[in-house]
Amino acid sequence: MAAIYSLYVINKSGGLIFYKDYGSAGRMDTNDSLRMASLWHSMHAISQQLSPISGCSGIELLQADTFDLHCFQSLTGTKFFVVCDPGTQHMEGLLKHIYELYTDYVLKNPFYEMEMPIRCELFDIKLSQAIQKDSVALLSR
Amino acid sequence: MTFGYGTRLRRRGYLLRCGRQVEMGLISKKKWTGFFRKSPQQLRLPLSSCPSLKPFRASSPTLLYNCTVSLDFSQLSAQISMAPVAPRSGDAIFANVERVNAELFTLTYGAIVRQLLTDLEEVEEVNKQLDQMGYNIGIRLIDEFLAKSNVSRCVDFKETAEVIAKVGFKMFLGVTASVTNWDADGTCCIIVLEDNPLVDFVELPDTCQGLYYCNVLSGVIRGALEMVSMKTEVTWLRDMLRGDDAFELQVKLLKQVAEEYPYKDDE
């Protein structure tokens, strides 16, 4: 299984509402993760402006030497992104699945306030399950 | 910067990536156009023809090829990690989601309305409260709808209304609605519900004649559309509980707030 380092969820105004490390590499403290989230939010917005083609929905993949960053933005403006090993496959499918988990276990939680940091245990549990599943299972989805 | 790399290039069509080496392109029907880091021969895809292959931007560090190629989809699916995700029909989603007993749902809703009438006393206040409750549901429900239906951005408000009626109502209530009476500029229409599970056992007493029993639904639509940047006004035109022969919801698009960056300083 290729490694996923971390997962971020940003609300539509660019605030980090969820951050979790998976694995030992690439850990960040709270300040760095917040910085990273707002940086990504801005870069994403800038990329939409830079694109020569209208209707561009922003960066979906950033490839670096030591990691890949896959981003998915829902039509409501919430962004989900994972940082993973270079070349990790099926991340679009995973992000889509995480979006479904978010709608089920975060948005349906009556005590979750919209746009606020996510503190939902069920979401955490389901998320770890989804991320630990091997990529074959994700592919067959 | 590689041109549009990692971004979706066009609204229609699908972004494809084949592993780490390749790169991307767009599929529209049977043509694959886009910008590739490698020539189609290097992609090792079952390409039947490469009619218009030409280097695109030689000045960038990696040579990009702009090409349109025809593809054989039967072979392609095995090689490409991300197949285009087709929007799902309302029936298909309804069949897959967890459901509750319809009677339990109907009776629970009835109990809520009853309790509101007891608490608030004024029928008008109850209408308002139901609408607000619906709004609160709608702003959350929209994400579930988008996540599970795979619908993409609608081209215009007409498409939006159709999607609500055909996919949305089916997915969450198990009924389909129809859209009629469009006005000339396509911003106002009527959604007709012939079947409504909320009212299965309901008869409005004389004391509640002003009550819009299903007002929660109009709130849901308003809330959901607001989250995808459409300000709407949703009102009941006809109500079977008031003796009409169908439920009719008028949906009027007031304003479309484009998501624009950067936000202006004074906003």
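It should be emphasised that the depicted structure is a prediction, and the values quoted were computed from it without experimental measurement. Numbered from 1 within each chain, the chains take letters A, B, ... in sequence-line order.
Interface with chain B: from residues 117-128 of chain A, no residue qualifies, criterion being any non-hydrogen pair under 4.5 Å. Taking non-hydrogen atoms and a 4.5 Å limit, the residue list of residues 128-135 of chain B in contact with chain A is empty.
One finds the CG atom of B:L141 at 8.0 Å from the NZ atom of A:K108 (value rounded to the nearest 0.5 Å). Note that CG of A:D104 and NZ of B:K148 are 3.5 Å apart. Values are rounded to the nearest 0.5 Å. The distance from atom CD of B:E144 to atom OH of A:Y99, rounded to the nearest 0.5 Å, is 10.0 Å. Atom OG1 in A:T76 sits 13.0 Å away from atom CZ in B:R140 (nearest 0.5 Å). Rounded to the nearest 0.5 Å, atoms CD1 (B:I142) and CG (A:L75) are 8.0 Å apart.
Using a 4.5 Å heavy-atom cutoff, the side chains of B:F145 and A:T103 are not in contact.
For A:E113, the CD atom counts as loosely surrounded, since its 6.0 Å shell holds 12 or fewer non-hydrogen atoms of other residues, nucleotides or ligands.
In this structure, the portions of B:I139 lying under 4.5 Å from any heavy atom of chain A include both its backbone and its side chain.
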